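For reference, the structure is listed below as structure tokens.
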Amino acid sequence: MAVENVSHTLLNWYDRHARQLPWRTPPGSNLRPDPYAVWMSEIMLQQTTVAAVIPYFEKFMARWPTVAALAAADDTDVMTAWAGLGYYSRARNLLACARTVVERHDGHFPPDESVLLALPGIGPYTAGAIAAIAFGLPATVVDGNVERVVSRLYAVNIPLPAARAELRRLTAGITPAVRPGDFAQAMMDLGATVCAPRAPRCLGCPLSVHCRAHAAGTADAFPVKPAKRARPERRGTAFWIERDGHVLLVTRPARGLLGGMRALPTTDWVDKDADGLSETLPGQWQVASTAVRHIFTHFALTLDVAMGNAPHPEMPGEWWPVDNLHEAGLPTVFAKAAAAALAEREQPC
DNA sequence: AAGCCGTGGCA
DNA sequence: TTGCCAAGGCT
């Protein structure tokens, strides 16, 4: 279908329905947003809801207002500030990217999609989004929303992820040369508020007249997705080791799950059916009566919390004041474990 | 190239 | 309660 039909209709809708967001300028504005703010928001928004991002975006922009300020920040301060937002490799890449921009690009984000793509943490979607939104370049921007909107618009029967190439080609076909940033954001707003994953509101959709899936009455059948595998169950034990008003924290290895984050010491987390070792813990421990339950992307965890005193006078890690534990930047699973330990401590048995 | 990588809201 | 999913990137 013609570029003008879809893009003009969508931009008209966006002019009236654009959401006000802290990193946005108004639709049709001649003012372009700060590329640093665009980049910050796009990294935070990767697989993360707008509602979850907003307070973190405000906090980061207030504390590190420029890419130079962020590049000069301590790693631990950035990881701590990111705590709770999830996907912690993003925080490490955020810092690496800021430092690369300062050192290799004179403190300015490059107005070039392929150069952006080479920066840490910036993939095809984010490179296109920054190019279009911050620099007004005619990039093809495809995120999960756009995949859904376009797969319905053209009733694409190929299942994801094999459909990606076709969806990108179709998106490029409707991307206008004018207002590419507004077009990208309009597609994402439409996907978030109208062309929703479940129960799409086709009655209020400006594109329904162009939409093949709507014509067939099967909008909610797209995009076609493969069946997903069952989520494994794992279990483990976290240790609340307290001495003189302080609790022992460790820093997890930089790579892997919760990489680079402060944590309670733990056993390995093993498959639920594996041979147990909880009955062979050395020393004397009081195990919290209620285990912590936490769902990660690719496994579910049941975590016992074992409380005790330091078995050895010197242990590797940080002795963190219990009264200031909220400032340690613990990922949510360990914040839950700490809460369980503290509840148990105040009401033993 | 398919698996890894968090969290919270919602039906 | 359980499953689904959200502005993906990295290896």
Side-chain angles (χ1 to χ4, degrees), chain A residues 18-19 21-24 37-57 79 82-94 96-97 116-134 139 141-149 159-162 164-165 168 171 181 183-193 195-200 220 223 225-234 252-261 263 269 292-301 329-336:
Chain A
R19 291 183 292 175
L21 299 172
W23 46 87
R24 267 190 188 172
V38 174
W39 166 73
M40 180 73 73
S41 69
E42 291 300 344
I43 301 300
M44 289 183 167
L45 285 163
Q46 288 168 3
Q47 297 291 288
T48 308
T49 58
V50 167
V53 163
I54 286 175
Y56 284 85
F57 176 82
M79 299 309 288
W82 196 277
L85 194 56
Y87 285 139
Y88 297 98
S89 66
R90 292 185 297 171
R92 288 228 168 274
N93 285 329
L94 187 84
C97 183
L116 288 164
L117 186 58
L119 292 167
I122 296 182
Y125 161 72
T126 304
I130 295 173
I133 298 168
V141 180
V142 185
D143 75 329
N145 288 304
V146 176
E147 286 181 350
R148 184 170 57 256
V149 171
L160 289 172
R164 294 251 152 82
R168 182 172 188 83
T171 304
F183 177 78
Q185 292 176 97
M187 290 286 279
M188 294 188 281
D189 272 21
L190 188 76
T193 64
C195 195
R198 287 172 295 196
D220 59 357
K225 292 187 175 180
K228 50 174 187 356
R229 341 180 306 227
R231 196 192 309 272
E233 287 283 346
R234 296 182 188 170
R252 294 172 64 88
R255 301 193 172 247
L257 188 72
L258 309 174
M261 301 300 289
W269 298 344
V292 167
R293 179 75 175 166
H294 192 77
I295 310 299
F296 292 95
T297 302
H298 60 292
F299 67 93
L301 177 67
L330 292 179
T332 298
V333 62
F334 292 113
K336 288 183 186 176

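Because the structure is a prediction, the values reported are computed rather than measured. Here is the naming used below: chain letters follow the sequence lines, and residue numbers restart at 1 for every chain.
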Decide yes or no on side chain to side chain contact (heavy atoms under 4.5 Å, CB included) for A/Trp82 and A/Met44, but give the supporting numbers first. CA-CA 9 Å; A/Trp82 196 277; A/Met44 289 183 167; 3.7 Å; yes
Please report, rounded to the nearest Å, how far the P atom of B/dC4 is from the CZ atom of A/Arg90. 19 Å
Scan A/Ser41 against the nucleic acid and name what it touches under 4.0 Å (heavy atoms): base, sugar-phosphate only, or nothing. nothing
What's the gap between C/dA7 and B/dA2 when it is taken at their P atoms, as a whole Å value? 23 Å
Intermediate values then yes/no, side chain to side chain donor-acceptor pair (under 3.5 Å), A/Glu42 and A/Tyr125: CA-CA 9 Å; A/Glu42 291 300 344; A/Tyr125 161 72; 2.6 Å; yes
Does A/Arg92 place a side-chain N or O at less than 4.0 Å from the phosphate oxygens OP1/OP2 of C/dC10? no
Rounded to whole Å, the CG-P distance (A/Leu160 to B/dA1) equals 16 Å
Atom pair distance, as rounded to whole Å: OH in A/Tyr56 and C1' in B/dT7: 9 Å
If every non-hydrogen atom of A/Pro197 is compared with every non-hydrogen atom of A/Gly191, which pair is closest and at what distance? CD-O, 4.5 Å
Give A/Arg293 one of three labels, base, sugar-phosphate or nothing, depending on what nucleic acid heavy atoms sit under 4.0 Å from its own. nothing
If you go through the side-chain atoms of A/Thr49, does one of them form a donor-acceptor pair with the base of B/dG9 closer than 3.5 Å? no
Regarding A/Val141, tell me which of base, sugar-phosphate or nothing describes its non-hydrogen contacts under 4.0 Å with the strands shown. nothing
Hey, is the side chain of A/Arg229 poking within less than 4.0 Å of OP1 or OP2 on B/dA2, counting only N and O atoms? no
Using a heavy-atom cut-off of 4.0 Å across all strands, would you classify A/Trp82 as base, sugar-phosphate, or nothing? nothing
Closest-nucleotide 5' rank along DNA chain C - winner of A/Gly144 and A/Arg255: A/Gly144
Looking across every strand, which nucleic acid part, if any, lies under 4.0 Å from A/Pro124 by heavy atom: base, sugar-phosphate, or nothing? sugar-phosphate
Touch class at under 4.0 angstrom, heavy-atom based, for A/Thr332 against every strand present: sugar-phosphate
Any side-chain N or O of A/Thr48 less than 4.0 Å from the OP1 or OP2 oxygen of B/dG8? no
For atom CG of A/Leu190 and atom P of C/dA7, their distance in whole Å: 11 Å
For C/dT11 and B/dG6, measure between their P atoms and round to the nearest Å. 14 Å
Given atom CD1 of A/Ile43 and atom P of C/dA6, what is their separation to the nearest angstrom? 19 Å
Just by distance, no angles: are the side chains of A/Thr48 and A/Arg90 close enough, under 3.5 Å, to form a donor-acceptor pair? yes
Looking at A/Arg148, I'd like to know whether one of its side-chain N or O atoms comes within less than 4.0 Å of OP1 or OP2 on C/dA7. yes
Walking DNA chain C from its 5' end, the first of A/Lys225 and A/Gly121 to be reached, judged by nearest nucleotide, is A/Lys225
Contact class for A/Leu21 (heavy atom, under 4.0 Å): base, sugar-phosphate, or nothing? base
N or O in side chain of A/His298 less than 4.0 angstrom from B/dC5 OP1/OP2: yes
Testing the basics here: between A/Cys97 and A/Leu119, what is the closest heavy-atom pair and its distance to 0.1 Å? SG-CB, 3.8 Å
Please determine if A/Arg293 forms a cation-pi arrangement with A/Trp269, meaning its NZ or CZ atom is less than 6.0 Å from the six-membered ring centre and no more than 45° off the ring axis. no
Proximity to the side chain of A/Thr297 - top-ranked nucleotide from C/dA7, B/dC5, C/dG9: B/dC5
With heavy atoms under 4.0 Å as the rule, sort A/Gly84 into base, sugar-phosphate or nothing. sugar-phosphate
Would you say C/dG8 has OP1 or OP2 under 4.0 Å from some side-chain N or O of A/Gln47? yes
Side-chain atoms of A/Trp23 come closest, of C/dA7, B/dG6, B/dC10, to C/dA7
Take the protein atom CZ of A/Phe299 and the nucleotide atom P of B/dG6, then report the distance between them rounded to whole Å. 9 Å
Phosphate-side-chain proximity, A/His294 and B/dT7, N/O vs OP1/OP2 below 4.0 Å: yes
Proximity of A/Phe296 and A/His298 rings by center, below 6.0 Å: no
Name the nucleic acid region contacted by A/Leu258, choosing base, sugar-phosphate or nothing; use a 4.0 angstrom heavy-atom cut-off, strictly under. sugar-phosphate
Can you tell me how far C1' of C/dG8 sits from CG of A/Leu116, to the nearest Å? 16 Å
Just the rounded figure in Å: distance from C1' of C/dA7 to CE of A/Met188. 5 Å
Is A/Tyr88 near enough to B/dT7 that one of its side-chain N or O atoms lies under 4.0 angstrom from OP1 or OP2? yes
Return yes if the base of C/dG9 and the side-chain atoms of A/Ser89 contain a donor-acceptor N/O pair under 3.5 Å, otherwise no. no
